[in-house]
Protein chains: 4
Amino acid sequence: MQRRTTPDAGRRSEASRRAILTAAFELAGEVGYAKLSVEGIAARAGVGKQTIYRWWPSKGAVLFDAFLSLSQGQDGQEGLPDTGDLEADLKVVLRATVDEFADPRYDRPLRALTIEIMNDPELAALYAERLDGPMKELKKARLRAAQQAGHLPEDLDLDVAVDLIWGPLLSRWLHRSGPLTHAYADTLVETALHGLLPR
Amino acid sequence: MQRRTTPDAGRRSEASRRAILTAAFELAGEVGYAKLSVEGIAARAGVGKQTIYRWWPSKGAVLFDAFLSLSQGQDGQEGLPDTGDLEADLKVVLRATVDEFADPRYDRPLRALTIEIMNDPELAALYAERLDGPMKELKKARLRAAQQAGHLPEDLDLDVAVDLIWGPLLSRWLHRSGPLTHAYADTLVETALHGLLPR
Amino acid sequence: MQRRTTPDAGRRSEASRRAILTAAFELAGEVGYAKLSVEGIAARAGVGKQTIYRWWPSKGAVLFDAFLSLSQGQDGQEGLPDTGDLEADLKVVLRATVDEFADPRYDRPLRALTIEIMNDPELAALYAERLDGPMKELKKARLRAAQQAGHLPEDLDLDVAVDLIWGPLLSRWLHRSGPLTHAYADTLVETALHGLLPR
Amino acid sequence: MQRRTTPDAGRRSEASRRAILTAAFELAGEVGYAKLSVEGIAARAGVGKQTIYRWWPSKGAVLFDAFLSLSQGQDGQEGLPDTGDLEADLKVVLRATVDEFADPRYDRPLRALTIEIMNDPELAALYAERLDGPMKELKKARLRAAQQAGHLPEDLDLDVAVDLIWGPLLSRWLHRSGPLTHAYADTLVETALHGLLPR
DNA sequence: AGTTAAGCGAGACGGTACGTCCGGTCTTGAA
DNA sequence: TTCAAGACCGGACGTACCGTCTCGCTTAACT
C-alpha cells in the first residue's frame, strides 16, 4: 500500500492514484461510511473500478492511503507545542482535536476509516504502524520532555499515559456518549494529570 | 423498539421476536459486522424479512435490541463489587471486561453494535439511554460510595472519572492499538487513580 | 420456459415478464446481437436484472421467449396458402420471407436468436420443438396436400423437401452470400420442384 | 488482413502472426465462440494484445485469417471428384462435409466464424470473396463439367444449383434442426437432382 | 557500425457488462 | 392482522474483457 519512492510497478498512474485518494476522502466526508462505495469513488475519480481493485485490496485500504497521503506533507509534523506548561499545552492540543471532530469534513472520513480498522485487523496493524504510531510518538515525545523537566515521574508508562489522555476523547467521540467541548477537553487533561484520588 | 411491559401490538409473535434477536446476535458473532445481513438474520430465524422491517427500523436496531434482551435478566445488575478497596474492585471489573473483549462471541457482536452506533446518532442516543446509561450508573454508584467513604474528592466529576477509567480500554479495544491484558487493566486503574503527575 | 396457464410460481409478475420480452425484442432489433445486454434489457423494461436472471437462464432464453410470445396469437397460424397451384403458393410464401429478412426490425432479432441457437444446443432443441416445429408442420401440411392432389410423389420425404426449399434461403440470408430477392425466391422454388437434372 | 506476397510491413513478425492464428483457431475449437476473447488469444499466443489490434480490426477478422491460412496449402484445392457419375460424386463430397461438421475441432471454429460473418457484413463480403468464393467455384466447375457432358441442362443457374445442394446442409448444421448423417446427405443429393415433382 | 524507428511483450488504463448479493417494499395465502 | 415466503426494483459488489495507451526491449534498415 502506498509507495512512490519505490516504483511499486513502474507503470502505475500517479494521476489516477491521487484522484482516487482525493475522491475517497471527499466522498467519505460527503456521504459517510454507510454510502461510501468503490463504484462511487471510481466515478468521482474518473477512473475504472479495476484501477482501484488492482492496487488496493479493500475500500478500507483506499481510505487508509487517503489519510496517509494527507498526513504526509502537513503541519503538526514538528511535534506538539512545548511552552514548558504541560497542562496548558495538552489543553491546546485536545481542544484542537475536539474542533476537528466537530467538522463533518474530518469527522465522517475518520469515522469511516475507524470502522474499517475495527473490522480488519490487518488494516488496524497498518494504521498503528503508519498513522497512529508517528502521532503517538509525538505525544510521547512531549511527555518525555516533561519527564526530563521533572514535571512527570521518571517511571511513568508513557503508552498508558497517552491512552489515559486521548482514550476518553476518542471513546466519547465514537460513541457520541456526551458533548465534546473545550470544557470537556480541559477537565479531561486536569483529571488525567492529577488523578482521581484526593491529594 | 423493544417491548415487553407495553404490548407494542396485540398480535406480535413473541417467538419470532426472540428468534430474530437470537439469530442477530449469533450471526454477528459468527460472521462479523461486514457480512451481517437482514436476509441472513431472517433466514436463520426462520422468519420473513418483512417481520424484521415491520418492527425494527434498521439492522442496528435489531442488534441493539438483541443486546438489550441479553442485558436484562443477567448478573451484574446489582452493581459493581464494593470491598471497600476501590483500586482492587476496579481492577476486578476491568479484568472481567478485558476477558469479554477477548471472546469472539462477545467481541464481534459488540463491535457490530458499536459500528451501528457510530453511524447512527439516534441509535447512539438510545444506546446511551438504555444500555450504556444503566451501566454507567452502576459505575458512578461505586465511585460515589468511594466519595462518601472519603476515598475520592467530593468535587470529582464522576462522568469524567468514568471516562478516564473505561475510555482508554474501549479505545484500545476498538483500534486494536495494543495488547488488552490484565496487566494493562491494572496499570490503567492505578494511573487513572493517581494521575500522571508525581506525588 | 414460458407458461402462464400453469402457475409457474404463483407470484410471478406478468407485467415484468411482458416488459422484458418486449424490451429484448426491440433492443435486438435496434442494436443487434453484439450489443444486446441483459443490463440493457432490464433498463429498457424498467426491471431489476435479478428479475431476468430469476426466470431465464440466459440472454438467449429471453430472446427465445420473446419470439415465442410473438408467434402466439398471430396470423399465419392457419397454414400456408393453398390455391391448388403449389409452385405459385410457395413463391408467395418465400417472397414474404424474403421481405421479412429485408426488414431490420425482423432481420436483427432473428439473427440474434439464431446466434444463440447456434451456441446453445439446449436452446436449439427448444427452438426446434416450439418455434420451428409448428412452422415446419404447416409447410409439410401444404406439401402433403399437394401429395394427396397427386402433385407430389407419394414417397417424397417431406422433411427433406422442406429443407430443400427453405434451407437455401436461410443459408443465403445468414451468410449474406448473395442477393435475397423475389427473383431468387422464384428460381429457388422452380429449381427445387423440378430438380437439377434435365427432364 | 492477411499478407504474404505483399509484405504488409517490413517489420512484421511472422512468428507472432502464425502464433495468433493458431491460437485463435484452437481456442475457438476448445472454448467456443461465446468464450473466445482477444485476451485469451493473445495469452495463448504469447503475444501482446496490441499486436493483434495492430494487424486485425476485429476478433472475427483474426478468425477469418486463421481459416484462410488453413485453407491455403491444403488438399481439395484441385477440385471436386469427377468420376463421370455426378450423383455419386456429390454424395462423396457431402458425406465428407457431414463428417467435418461432426468433429468439434472443426465444428466450433466454423460456428464461431459463421457468427462473426452473420454480425459483420464487411467480413461476410471478405468471406464470400476469399473463402466461400473459391470453394463455390470448384462446386460450379463440377456442375459445369456435368453440363458439358449433357448430364445437366445448359440453362441451369449454377449459383442456385449450388445453393440447392449445400444450403440445406448448412442450414441443418447451424440450427441443429435434425440429424446430420450420411443418409441425409444422400437423400439430399438425390432430391436436389431429381426435384420434388414426380417424373 | 551506429543510429533510429518500427514492432514487440507486457500490462495499466477508462469503460461496459457480467452474474450475484442484499436493501427495503410489496404481495400472496395460511393461520 | 400477523406471519413465512419470496418476487420486485434498485444499486453495489468484484471479475472479465474491450480497445487504447504507454513502457522498455529487440531488431531490421538506413544512414
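Excluded from the calculations below are hydrogen atoms, water molecules and symmetry mates; all remaining heavy atoms, backbone and side chain alike, are included. Residue numbering restarts at 1 for every chain, and letters A, B, ... go by the order of the sequence lines.
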Report task. May I ask you to check whether over 12 heavy atoms, not counting those of C/Arg105, lie within 6.0 Å of atom CZ? Result ->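 Result for CZ/C/Arg105: open.
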Query raised in the report: Going through the checks in order, is the side-chain contact (heavy atoms from CB on, under 4.5 Å) test met by A/Arg17 and A/Trp56?
Result: CA-CA 10 Å; A/Arg17 188 184 144 271; A/Trp56 289 276; 4.0 Å; yes
Starting from [atom2] on [N], measure out to [atom1] on [X] and report it in whole angstrom.
{"X": "B/Ile52", "N": "E/dC22", "atom1": "CD1", "atom2": "P", "value": "13 Å"}
{"X": "C/Glu14", "N": "E/dT27", "atom1": "CD", "atom2": "P", "value": "17 Å"}
{"X": "B/Lys59", "N": "E/dC22", "atom1": "NZ", "atom2": "P", "value": "10 Å"}
{"X": "D/Asn119", "N": "F/dC18", "atom1": "CG", "atom2": "P", "value": "15 Å"}
{"X": "A/Trp56", "N": "F/dT15", "atom1": "CH2", "atom2": "P", "value": "16 Å"}
{"X": "B/Ile20", "N": "F/dA4", "atom1": "CD1", "atom2": "C1'", "value": "11 Å"}

Query raised in the report: Taking 4.0 angstrom as the limit, do B/Arg44 and B/Glu30 come out as a salt bridge?
Result: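 The answer is yes: the pair qualifies as a salt bridge.
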Query - side chain to side chain contact (heavy atoms under 4.5 Å, CB included) partner of C/Ile41, chosen from C/Thr22, C/Ile20, C/Val47 - result: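 Going through C/Thr22, C/Ile20, C/Val47 one by one, the side chain to side chain contact (heavy atoms under 4.5 Å, CB included) with C/Ile41 is satisfied by C/Ile20 alone.
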Query - Closest non-hydrogen atom pair between B/Leu113 and B/Gly60, with its separation - result: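 That would be CD1-O, 4.2 Å.
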Shorter than 3.5 Å, N or O on both sides, protein versus nucleotides 1-5 of chain E: list them out with atom names.
from: E/dA5; atom 1: N3; to: D/Arg11; atom 2: NH2; distance (Å): 3.1

**Report entry** ring pair (Phe, Tyr, Trp, His ring centres under 6.0 Å) partners for D/Tyr33, two or more places apart
**Finding:**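 With neighbours one apart ignored, the set is empty.
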Query - Which residues share a ring pair (Phe, Tyr, Trp, His ring centres under 6.0 Å) with D/Tyr127, sequence neighbours left out - result: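 None.
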Query raised in the report: Given F/dA7, is OP1 or OP2 found less than 4.0 Å from the side-chain N or O atoms of C/Thr51?
Result: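 No, outside the criterion.
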Report task. Look at the side-chain N and O atoms of B/Trp55 and state whether any lies under 4.0 Å from the OP1 or OP2 oxygen of F/dC3. Result ->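 Affirmative; the distance criterion is met.
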Query - hbond_proxy A/Lys49 side chain to E/dG15 base (donor-acceptor, 3.5 Å cutoff) - result: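 Per atom types, no contact qualifies.
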Where the side chain of [X] is concerned, which of [options] is the nearest nucleotide?
{"X": "A/Gln50", "options": "F/dA16, F/dC18, E/dC13", "answer": "F/dA16"}
{"X": "B/Arg12", "options": "F/dC3, E/dT20, E/dG24", "answer": "F/dC3"}
{"X": "C/Arg54", "options": "E/dG7, E/dG15, F/dA7", "answer": "F/dA7"}
{"X": "A/Ser16", "options": "E/dC21, F/dA16, E/dC13", "answer": "E/dC13"}

**Report entry** salt bridge (Lys or Arg N to Asp or Glu O under 4.0 Å) contacts touching residues 109-119 of chain B (sequence neighbours left out)
**Finding:**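 Sorted result for residues 109-119 of chain B: B/Asp107-B/Arg111.
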Report task. For D/Val47 and for A/Val47, find the nucleotide of DNA chain E with the closest heavy atom, then tell me which residue's nucleotide is more 5'. Result ->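 Checking each residue's closest nucleotide, the 5'-ward one belongs to D/Val47.
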Query raised in the report: Under a 4.0 Å heavy-atom cut-off, which of residues 23-45 of chain B touch DNA chain F?
Result: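 When residues 23-45 of chain B is checked for heavy atoms under 4.0 Å from DNA chain F, there are no hits whatsoever.
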Report task. Identify, with sequence neighbours excluded, every residue that meets side chain to side chain donor-acceptor pair (under 3.5 Å) alongside D/Ser16. Result ->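 Testing D/Ser16 for side chain to side chain donor-acceptor pair (under 3.5 Å), a comparison that skips the adjacent residues, returns D/Ser13.
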